[in-house]
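No hydrogens, no waters, no symmetry mates; every other heavy atom, side chains included, goes into these values. A note on names: the letters A, B, ... follow the listed sequences, proteins ahead of strands, and every chain is numbered from 1.
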2 protein chains.
Amino acid sequence: MNVMSERGRPRTFDRNAALRRAMDVFWAKGYEGASISDLAAAMGINSPSLYAAYGSKEALFLEATDLYSRVEGADIWLALEEAPTARLAIERFLRRTAKAYSQTDRPQGCLIALGALHEDSSRGAICADLRRRRAENLTALKKRLERGVAEGELPADFNCRAAATFFATVQHGMSIQARDGASRAALLATVAGAMAAWKTMADTAEA
Amino acid sequence: MNVMSERGRPRTFDRNAALRRAMDVFWAKGYEGASISDLAAAMGINSPSLYAAYGSKEALFLEATDLYSRVEGADIWLALEEAPTARLAIERFLRRTAKAYSQTDRPQGCLIALGALHEDSSRGAICADLRRRRAENLTALKKRLERGVAEGELPADFNCRAAATFFATVQHGMSIQARDGASRAALLATVAGAMAAWKTMADTAEA
DNA sequence: TCATTTCTGTGTTGATCGATACATAAATGA
DNA sequence: TCATTTATGTATCGATCAACACAGAAATGA
C-alpha cells in the first residue's frame, strides 16, 4: 500500500511538520478565523498543495485537532490514569492544565474548547467533532472518579457525574481565563479553588 | 438636541427593537460568524439602513453587547449587591447564571464570554471591549468578597482575588457547558461543585 | 410651494473567502 | 526512452465579505 503510493512526483514538504503549523494557526485563530491563506502561508506551501494533501479546510482541521489531542493534550489526561488516588488524579489533571494553558510560546487556552464554539450549517461537522472530544474528556473524568468509588477512596453515593461535570467546566473556564492573559499563578488559584470543593463533595455524599 | 434631529425622513423601523435582533444574532453566531446579511435580515432592514443607524459592524456589536449587559446580565449581577451575605451573593449569582444560560428560547451561554475569543487585527477593539467587561465582572466579584471580609463574614486573610478568579472562571466554563447543550440541572451541578469550595476556602484562610 | 434634511431600496464596490483548472516538473514502471 | 502518475506554482473561479453610491421617498422649516 505504502510502497505503491511512492509513484509520481514526491511531496517537497513534510506533511506532519506542515500539519503542526496548521494546528498552531487553528489554535490561535479558531476554525473560522483561520483562512486558507493564513494556513498555507504558515505551512510554507500553496493552497493546491494543501488541498492535495489534506482534502479540505474541514479535513485539515479534523487532522489538526487529532494531532492536538495526541501531542498537546496527552500529558494532561495521562495524569488521570497514573495518579494513585482520584483526588491526586484530579489535582494533577488541573495543575497540568494550568501549566499547559499558560505556556507563553504557544496560543493560550485549549483548541478543543475554543476552536469552534458557534455552530453554523457550514461548520456542523467541526462543532460536532469538538463536542464529541469534550464529551470524551468528561467521560474520562467520570470514569476516574468511579474508580475512586470502586476502590473505597470515595463514598458509594458520591455523585461522579456531577463532580466530573464540575471539574470539566472549571477546565473549560480556564481556557477563557488563559485567553484573557491570566498568569500561571492565576490559573493555579483557580485550581486551588476547584480542589477546595473536594472535601466538601466527598463529605456531603457520605451524609 | 432630540428635537433638532427630527428633521428629514423619519426612520421606518424601531432602532431599539432592531438592535435587540442584532444582539440575538451576535449572541448565537459570534462576531465573526454574524454577517451583515444575517444581521440586516434579522433586523428587517437593508444594509444601508444598518450603516446609517449604527455606523459599522463593530459599532453595532459594541451597542449590542452594551444592551446585553443591561438587559440579560443585569439580573445576574444584581444578586451580588442584594444578597445579605457574600456566600449567598455568590450562590445566587451562580444559580441565576445557570438559569440564564439554559434558557431554551435564546442562545445558550454568554455573549460577553463567547462573542469574540480569537484576537485578530481586524477585531482588536471587539476583543478588547469584551475583555474589559469580563475584567469588570471579576472586579465586581472581588468587591463583594471584600465586603464580606469587611463585615466579618470572612476571615481577614481570605484571598478575595483568588476566590473571585475561581468563581468567574466557573461562570466562563458554564458558557461552554451550556453551548454543549447542558441542561439546567447539569449547570446547577456545577454551581453546587463551586459552592462546595466555599467552606474550605474560608477555613483555609483562617488556618 | 420648495429648498433642505434624512431615510429607504437597488445595485454595486474592491477585497477576501474556500476551492480548482491548468500547465509544468519530477518521480515511477515498462 | 517514454507513457503514467503525482506534486507544484500560477492564476483564477464563483460566492460572499463589509461597506457604500446613488436616486427616489418622506419628513421638516420657510
Side-chain angles (χ1 to χ4, degrees), chain A residues 1-19 21-22 25-26 29-64 115-116 118 120-127, chain B residues 1-19 21-22 25-26 29-64 115-116 118 120-127:
Chain A
M1 206 61 124
N2 200 16
V3 182
M4 292 180 63
S5 68
E6 284 180 7
R7 292 186 35 137
R9 178 174 175 176
R11 192 175 280 121
T12 57
F13 62 95
D14 184 325
R15 194 183 187 281
N16 291 329
L19 179 59
R21 302 276 184 81
V25 175
F26 281 129
K29 301 191 162 193
Y31 179 73
E32 20 176 24
S35 72
I36 296 291
S37 297
D38 293 334
L39 292 162
M43 297 163 85
I45 59 178
N46 295 113
S47 60
S49 296
L50 188 156
Y51 281 94
Y54 306 95
S56 67
K57 185 185 178 184
E58 216 174 86
L60 177 60
F61 183 83
L62 294 177
E63 273 200 62
H118 302 288
D120 193 291
S121 56
S122 66
R123 291 188 287 277
I126 299 297
C127 289
Chain B
M1 206 61 123
N2 200 16
V3 182
M4 292 180 64
S5 68
E6 286 179 6
R7 291 188 36 138
R9 179 174 174 175
R11 193 175 281 120
T12 56
F13 63 95
D14 184 325
R15 194 182 188 281
N16 291 331
L19 179 60
R21 302 275 185 81
V25 175
F26 280 129
K29 301 190 163 194
Y31 179 74
E32 21 177 23
S35 72
I36 296 291
S37 297
D38 293 334
L39 293 161
M43 298 162 86
I45 59 179
N46 296 112
S47 62
S49 296
L50 188 156
Y51 281 94
Y54 306 95
S56 68
K57 185 184 178 184
E58 214 174 88
L60 177 60
F61 183 83
L62 295 177
E63 273 201 61
H118 302 287
D120 192 293
S121 57
S122 66
R123 291 188 288 277
I126 298 300
C127 288

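With sequence neighbours excluded, no residue forms a side chain to side chain donor-acceptor pair (under 3.5 Å) with A/R9. With sequence neighbours left out, B/S37 forms a side chain to side chain contact (heavy atoms under 4.5 Å, CB included) with B/S35. Under the rule for a salt bridge (charged side-chain N to carboxylate O under 4.0 Å, His left out), B/R11 has no partner lying at least two apart in sequence or in another chain. With sequence neighbours left out, B/A116 forms a side chain to side chain contact (heavy atoms under 4.5 Å, CB included) with B/Y31, B/I126, B/C127, B/L130. For the salt bridge (charged side-chain N to carboxylate O under 4.0 Å, His left out) test, residues two or more places apart in sequence or in another chain that qualify with B/R123 are B/E32, B/D120. Every residue meeting the side chain to side chain contact (heavy atoms under 4.5 Å, CB included) condition with A/A64, not counting sequence neighbours, appears here in chain and number order: A/L19, A/M23, A/F26.
Atom OH of A/Y54 and atom P of C/dT20 are 17 Å apart (whole Å). Rounded to whole Å, the distance from CG on B/D14 to P on C/dC7 is 14 Å. Regarding A/F61, its CZ atom lies at a distance of 14 Å from the P atom of C/dA19, rounded to whole Å. Nucleotide C/dC17 holds its C1' atom 15 Å from the CD atom of A/E58, rounded to whole Å. Computed from coordinates, the A/D120 CG to D/dC17 C1' distance equals 14 Å when rounded to whole Å. Atom NZ in A/K57 sits roughly 14 Å away from atom P in C/dT20 (whole-Å rounding).
Among pairs with a residue in residues 43-58 of chain B, none fulfils side chain to side chain donor-acceptor pair (under 3.5 Å), at least two apart in sequence or across chains.
Contacts between residues 36-53 of chain A and DNA chain C, counted as heavy-atom distances below 4.0 Å, involve A/I36, A/S37, A/S47, A/P48, A/Y51.
Side-chain N or O atoms of B/R21 include none that pairs as donor or acceptor with a backbone N or O of B/G44 at under 3.5 Å.
Within the structure, a side-chain polar atom (N or O) of B/S35 is placed less than 4.0 Å from OP1 or OP2 of D/dC17.
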*asked:* Can you build the contact string for nucleotides 23-29 of chain D? Use B for base contact, S for sugar-phosphate-only contact, and - for no protein heavy atom under 4.0 Å.
replied: -BBBBSS
